Amino acid sequence: MGEKVVAGGFHLSDRQKYRRKLQQCLAGLGRLLAEKRFDRPKNLMGLEIELNLAGADGLPRMMNAEVLERIASHDFQTELGMFNLEVNIVPHRLSGRVLDQLAEELRTGLGYAHRKAVELGSGIVMIGILPTLAQDDLVSANLSDVDRYTLLNDQIVAARGEEFALDIEGVERLTCTSASIAPEAACTSVQLHLQVTPARFADVWNAAQAVAAVQVAVGANSPFLFGRELWRESRPPLFQQATDTRPPELQAQGVRPRTWFGERWVSSAYDLFEENLRYFPALLPICDEDEDPLRVLEEGGVPKLQELVLHNGTVYRWNRPVYAAVDGVPHLRVENRVLPAGPTVTDVIANVAFYYGLVRALAEEARPVWSKLPFSAAAENFDTACRHGIEAELQWPRPGRAGGITTVPAVKLVRDELLPLAAAGLDAWNVEPADRDFYLGVIEERCKRRVNGATWQADTYHRALEAGLERDAALAATTRRYCELMHLGEPVHTWPVGFPGSRS
């Protein structure tokens with residue numbers, strides 16, 4: 001959704017015109033793939049992190065425009081809510097000391113941004129969902145003052161035709177309604193990009209889908225919403241419901257949600273873009289009048305396929321295909337959107353190392369995991385991991401057994417099978433062994449101790465309740481303590497539960 005768009009209405013003919021243009025773009029993509037016009041492999045990865053703004057009291061601050069003006073860096077941008085920012089790290093080559101380089105750049109950038117935010121009475125918080133957000137904070141008046149967010153909200157609301165219903169049952173149950181997509185802004189994530197060749201795209205995307213549940217299990221960091229303790233990773237159900245253009249009748253018919261895990265393994269990137277056109281009506285039917293993609297191809301050029309790119313940005317897959325043309329050369333990326341933000345830079349980079357190593361290893365297996373694991377099991381795993389986090393039990397192919405699937409605790413699966421694979425994958429990327437061992441060691445320690453951001457938040461919140469605090473005060477105290485430990489920077493598995501002076 002990075003395109004600049006102008007708020008305004010659409011004519012009845014706009015969607016038909018846009019649909020025709022999308023079909024031209026899809027045909028253009030097919031030709032580019034058939035003619036092997038894509039960029040050569042560069043082992044490039046990218047990283048984006050969505051952030052929250054909160055004050056010293058732990059409560060959200062609706063002031064991203066002021067904070068961004070004070071930060072004055074193109075690395076930081078607005079996000080959907082006025083209490084959100086996003087930081088973008090320039091692409092890096094996956095090799096050598098890249099993990100430590102990323103960590104240093106993040107610490108420097110986030111530290112600077114936090115200092116600037118503090119000057120305005122706010123601060124930076126890396127967390128999946130800010131525990132102190134209230135329903136009154138997530139209203140259309142608190143959407144960022146950017147035309148594209150206003151237009152997107154208006155179109156999703158119009159497509160649904162009624163209020164959005166939130167109904168999430170976990171430790172507790174939350175039921176409420178919203179007149180806008182503003183609750184989506186509560187979800188702050190880490191987005192990992194990997195540039196791939198067309199020939200490798202399907203293997204990388206399938207591998208990423210297969211391990212999405214494991215990423216959530218070890219990285220969950222979003223147990224609270226609107227004062228209720230819900231799933232260990234509550235972002236996925238919240239995001240799906242907050243962007244759901246389907247009224248109940250269309251849900252009952254099996255119409256696909258715009259936020260979804262998917263329904264099949266793929267054989268090429270084309271499969272996913274084609275699904276986008278087949279299943280999802282345009283939300284933003286804005287045509288680029290200057291580009292005829294097929295004519296550009298006939299003339300030997302490379303089309304931007306802007307309609308295809310824009311439409312793809314309104315289908316919220318947890319692993320999303322990305323097409324881009326840079327300096328006249330097209331490339332493909334897999335964008336992994338599974339992980340919540342935080343808790344610390346070290347935790348984020350540990351999640352990064354685990355993902356890139358694991359995906360590399362699984363994508364290169366002679367008999368890949370997706371040939372043995374039904375897609376329905378991968379989707380069920382994702383739901384289970386979101387609900388139960390590090391305590392989840394996941395379905396996985398039995399080693400050495402044809403066609404056999406077993407249910408195994410996520411922590412056992414990670415320690416016994418997936419961490420060695422991730423290490424081998426990082427070796428294949430030529431990542432520095434010392435960095436490999438350090439960051440994968442963080443994942444191993446989380447599994448040993450059965451601790452991640454979600455468990456720490458929940459345990460500390462209950463400690464505050466036991467100390468006599470009311471619900472809102474306990475959530476605020478938990479958030480303040482989280483922020484303190486986040487800025488100290490030690491990984492979350494080392495954090496003491498509770499508060500200074502209390503028994504841990």
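From a predicted model like this one, the values you see are computed outputs, not experimental measurements.
Salt bridge Arg235/Glu50: absent, no basic N to carboxylate O contact under 4.0 Å. Ion pairing between Arg256 and Glu275 fails under the 4.0 Å rule for side-chain N and carboxylate O. Between Glu289 and Lys17, at least one side-chain N (NZ, or NE/NH1/NH2) sits under 4.0 Å from a carboxylate O, which counts as a salt bridge. A salt bridge links Glu229 with Arg232: the distance from a Lys NZ or Arg NE/NH1/NH2 to an Asp or Glu carboxylate oxygen falls below 4.0 Å.
For the atom pair OG (Ser222) and CD1 (Ile127), the distance works out to 7.5 Å, reported to the nearest 0.5 Å. Atom OG1 of residue Thr460 and atom CG of residue Leu475 lie 11.5 Å apart, to the nearest 0.5 angstrom. Distance check: Gln24 CD to Leu297 CG gives 11.0 Å after rounding to the nearest 0.5 Å. Glu274 contributes atom CD, which lies 11.0 Å from atom CG of Leu308 (distance to the nearest 0.5 angstrom). The CD atom of Glu163 lies 9.5 Å from the OG atom of Ser180; values are rounded to the nearest 0.5 Å. For the atom pair CD1 of Ile71 and CD1 of Ile124, the computed distance is 5.5 Å after rounding to the nearest 0.5 Å.
No donor-acceptor pair closer than 3.5 Å links the side chain of Arg333 to the backbone N or O of Leu194. Side chain of Arg15 to backbone of Ala282: a donor-acceptor contact under 3.5 angstrom is found. In this structure, the side chain of Lys21 engages the main chain of Asp288 through a donor-acceptor pair within 3.5 Å. Judged by distance alone, the side chain of Asn452 and the main-chain N or O of Thr455 form a donor-acceptor pair under 3.5 Å. At least one donor-acceptor pair under 3.5 Å links the side chain of Thr132 to the backbone N or O of Gly58. Checking side-chain atoms of Glu291 against main-chain N and O of Leu305 turns up a donor-acceptor pair under 3.5 Å. In this structure, Tyr355 contributes its side chain and Gln215 its backbone to no donor-acceptor pair below 3.5 Å. Proximity of a side-chain donor or acceptor of Asp39 to a complementary backbone N or O of His331 within less than 3.5 Å is not detected. In this structure a side-chain-to-backbone donor-acceptor pair under 3.5 Å is missing from Arg19 to Pro281. Counting only distance, with no hydrogens or angles, the side chain of Gln77 and the backbone of Glu86 share no donor-acceptor pair below 3.5 Å.
A tilted orientation is assigned to the rings of Trp318 and Phe382, their planes being inclined by 30° to 60°.
Of all the heavy atoms in Gln241 and Ala165, the pair that sits closest is OE1-O, 3.4 Å. Between Asn351 and Arg446, the shortest heavy-atom distance links the atoms OD1-NH1, 2.8 Å. The two residues Met126 and Val345 come nearest to each other via the heavy atoms CE-N, 3.7 Å. Between Ala410 and Leu394, the shortest heavy-atom contact is CB-CD1, 3.9 Å. Nearest heavy atoms, Trp205 versus Asn319: NE1-O, 2.7 Å. Residue Ala185 comes nearest to Asn84 through the heavy atom pair O-OD1, 3.2 Å, listed as atom of the first residue, atom of the second, then distance.
Few gaps surround CZ on Arg264; more than 12 heavy atoms of other groups in view lie less than 6.0 Å from it. Environment of CD in Glu69: sparse, with no more than 12 heavy atoms of neighbouring residues, nucleotides or ligands closer than 6.0 Å. Counting non-hydrogen atoms of other residues, nucleotides and ligands closer than 6.0 Å to CD of Glu470 gives a total of 12 or fewer.
Across Thr314, Asn276, Thr243, Thr245, a single residue satisfies side chain to side chain donor-acceptor pair (under 3.5 Å) together with Arg258, and that is Thr314.
Between the side chains of Asn64 and Ser144, at least one donor N or O sits under 3.5 Å from an acceptor N or O. Counted by atom type alone, Thr150 and Asn153 present zero donor-acceptor pairs between their side chains at under 3.5 Å. Asn221 and Tyr482 share a donor-acceptor pair across their side chains, judged by distance under 3.5 Å alone. Residues Glu48 and His193 have side chains that bring a donor and an acceptor to within less than 3.5 angstrom of each other.
For Tyr316 and Phe239, the distance between ring centers is under 6.0 angstrom.
Counting only heavy atoms from C-beta outward, the side chains of Pro237 and Trp231 approach each other to under 4.5 Å.
With sequence neighbours excluded, the residues satisfying ring-ring contact (aromatic ring centres under 6.0 Å, His included) with Phe375 are Phe261, Trp265.
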- prompt: Between Met45 and Tyr356, is a side chain to side chain contact (heavy atoms under 4.5 Å, CB included) present by the stated rule, with each step listed?
  reply: CA-CA 9 Å; Met45 58 81 66; Tyr356 284 116; 3.4 Å; yes

- Decide yes or no on ring-ring contact (aromatic ring centres under 6.0 Å, His included) for Phe224 and Tyr461, but give the supporting numbers first. CA-CA 10 Å; Phe224 297 107; Tyr461 163 73; 4.9 Å; yes

